[in-house]
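One structure is given below, encoded as C-alpha cells.
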Amino acid sequence: MPDRKPPALFYQKVYALVRRIPAGQVTSYGRVAEMIGHQGAARQVGYAMSALKNRQDDPDYADVPWQRVVGHNGEIRIKGGAHSRSYQAELLQQEGVTVRQAADGGFVVEVETHMWEGLLPHEVDRLLAGLSSGR
DNA sequence: ATGTTGACGGTTG
DNA sequence: TCAACCGCCAACA
C-alpha cells in the first residue's frame, strides 16, 4: 500500500536536500541532518529514507536519490538484507562511485574521494524556503 | 499525552 | 580492533 499523504515537514526537508546531492557523490545521514538544521537527528534521516519505499510510485518522491546517503564512514546501512545493500552499491557504482566490499561482506563507499561538500547555510535556507505549503 | 521505533553516530570495555 | 552500549529525536500508534 503506497502512502499518499504528504510527508511530514522534516521529511520534506530531507528529501529536498538529498535531491541536491550530485550524481557520483555521497553524503552521510548525520551531515544531512546537520545541514537542514537538525543536528543529531541522523537516525531520523535514515527513517525518512526508509519511508521512501512506500512512495516509489509517487512521481513527487520517486526521483529522490536515496542511494547517495550512507553512513558517516561510507558504510552502506540500508536494511532489507544483503540484496538491498548490493543493490545500493550497484546504483552508486553505476554513477561512478567507488565502492569496496569489506571482509564481512558489507559495502563501503570510498568517502575520501566521493564525499559531497554539501550546501552552504544560505543555500540551504533558499532551498527550504516555503516548503510545507506545497507538496 | 505517552511509549515505541529506527537505512545513526559516538563511546566504551 | 571490534562488538556492545547508549543517547539521540521526529514520526507514528
Side-chain angles (χ1 to χ4, degrees):
Chain A
M1 286 270 292
D3 190 350
R4 307 218 178 263
K5 304 187 304 291
L9 181 57
F10 175 78
Y11 285 11
Q12 293 185 43
K13 292 180 179 178
V14 171
Y15 299 149
L17 183 64
V18 170
R19 272 195 265 255
R20 294 312 201 72
I21 307 172
Q25 296 189 255
V26 300
T27 193
S28 71
Y29 301 94
R31 289 169 72 108
V32 170
E34 186 175 12
M35 279 188 271
I36 64 177
H38 290 242
Q39 194 167 26
R43 295 187 77 162
Q44 289 59 244
V45 173
Y47 201 8
M49 294 298 101
S50 181
L52 282 173
K53 67 177 176 295
N54 300 319
R55 299 181 182 278
Q56 288 182 25
D57 43 290
D58 183 338
D60 289 331
Y61 300 99
D63 66 335
V64 177
W66 55 267
Q67 73 273 20
R68 296 174 195 155
V69 185
V70 298
H72 65 118
N73 55 358
E75 188 182 2
I76 286 182
R77 293 271 226 157
I78 186 174
K79 293 292 177 61
H83 176 74
S84 297
R85 293 190 290 276
S86 63
Y87 177 57
Q88 181 172 0
E90 197 175 317
L91 288 177
L92 288 171
Q93 286 167 336
Q94 283 172 9
E95 36 185 81
V97 174
T98 304
V99 184
R100 342 177 87 81
Q101 189 151 23
D104 61 5
F107 296 92
V108 182
V109 168
E110 191 176 84
V111 288
E112 296 80 5
T113 56
H114 294 99
M115 181 61 74
W116 179 41
E117 285 189 1
L119 296 181
L120 299 172
H122 79 273
E123 295 174 313
V124 175
D125 289 344
R126 186 154 43 84
L127 175 67
L128 302 182
L131 257 191
S132 157
S133 45
R135 323 193 133 258

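Order of the sequence lines fixes the chain letters, A, B, ..., with proteins taken first and strands second; residue numbering starts at 1 for each chain.
Using a 4.5 Å cut-off on side-chain heavy atoms (C-beta onward), Gln93(A) and Val97(A) make no contact. Looking at heavy atoms from C-beta onward, Arg19(A) lies in side-chain contact with Pro65(A) at the 4.5 angstrom threshold.
A salt bridge (charged side-chain N to carboxylate O under 4.0 Å, His left out) check over residues 112-124 of chain A, counting only residues at least two apart or in different chains, returns nothing. Evaluation of the salt bridge (charged side-chain N to carboxylate O under 4.0 Å, His left out) test over residues 89-99 of chain A, restricted to residues two or more places apart or in two chains, returns Arg68(A)-Glu95(A).
Every residue two or more places apart in sequence or in another chain that forms a ring pair (Phe, Tyr, Trp, His ring centres under 6.0 Å) with Tyr15(A) is listed here: Tyr61(A). For Asp104(A), there are no salt bridge (Lys or Arg N to Asp or Glu O under 4.0 Å) partners at least two apart in sequence or on another chain. Arg20(A) pairs by the salt bridge (Lys or Arg N to Asp or Glu O under 4.0 Å) definition with nothing, not counting sequence neighbours.
Relative ring orientation between Tyr47(A) and Tyr11(A) is described as perpendicular, the plane-to-plane angle rising above 60° on a 0-90° scale split at 30° and 60°.
Only Ile78(A), Lys79(A), listed by number, bring a heavy atom of residues 78-108 of chain A to less than 4.0 angstrom from any atom of DNA chain B. Of the residues in residues 42-53 of chain A, those placing a heavy atom less than 4.0 Å from an atom of DNA chain C are Arg43(A), Gln44(A), in numerical order. Residues from residues 65-73 of chain A placing a heavy atom under 4.0 Å of any atom in DNA chain B, listed by number, are Trp66(A), Gly71(A), His72(A).
Residue Met49(A) is grouped with residue Tyr87(A) when hydrophobic side chains (ILVMFWY) are merged at heavy-atom distances under 4.5 angstrom, including chains of intermediate members. Leu91(A) is connected to Val64(A) through a chain of hydrophobic side-chain contacts under 4.5 Å among Ile, Leu, Val, Met, Phe, Trp and Tyr, so both are in one cluster. By the rule that hydrophobic residues join a cluster once side-chain heavy atoms approach within less than 4.5 Å of another member, Phe10(A) and Leu119(A) end up as members of one cluster.
Between Phe107(A) and the options Arg100(A), Arg85(A), Gln88(A), a side-chain contact (heavy atoms from CB on, under 4.5 Å) holds for only Arg85(A).
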Worked check of side-chain contact (heavy atoms from CB on, under 4.5 Å) between Lys13(A) and Leu9(A): CA-CA 6 Å; Lys13(A) 292 180 179 178; Leu9(A) 181 57; 4.0 Å; yes
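Counting only distance, with no hydrogens or angles, the side chain of Ser86(A) and the backbone of Ala82(A) share a donor-acceptor pair below 3.5 Å.
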Listing, residues 21-43 of chain A side-chain donor-acceptor contacts under 3.5 Å, not counting sequence neighbours, or none:
residue  : atom : partner   : partner atom : Å
Ser28(A) : OG   : Arg31(A)  : N            : 3.1
Arg31(A) : NH2  : Trp116(A) : O            : 3.2

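In the 5' to 3' direction, nucleotides of DNA chain B lying under 4.0 Å from heavy atoms of chain A begin and end at dG6(B) to dG10(B). Running 5' to 3' along DNA chain C, contacts with non-hydrogen atoms of chain A at under 4.0 Å begin and end at dG7(C) to dA11(C).
Here Tyr29(A) lies in heavy-atom contact (under 4.0 Å) with a base.
DNA chain C is contacted by both Gly40(A) and Tyr11(A); Gly40(A) maps to the nucleotide lying nearer its 5′ end (nearest heavy atom per residue).
With pairs defined as Watson-Crick or G-U wobble and both atom distances under 3.5 Å, the stems of at least three pairs that touch DNA chain B come out as B:2-6 with C:9-13, B:8-13 with C:2-7.
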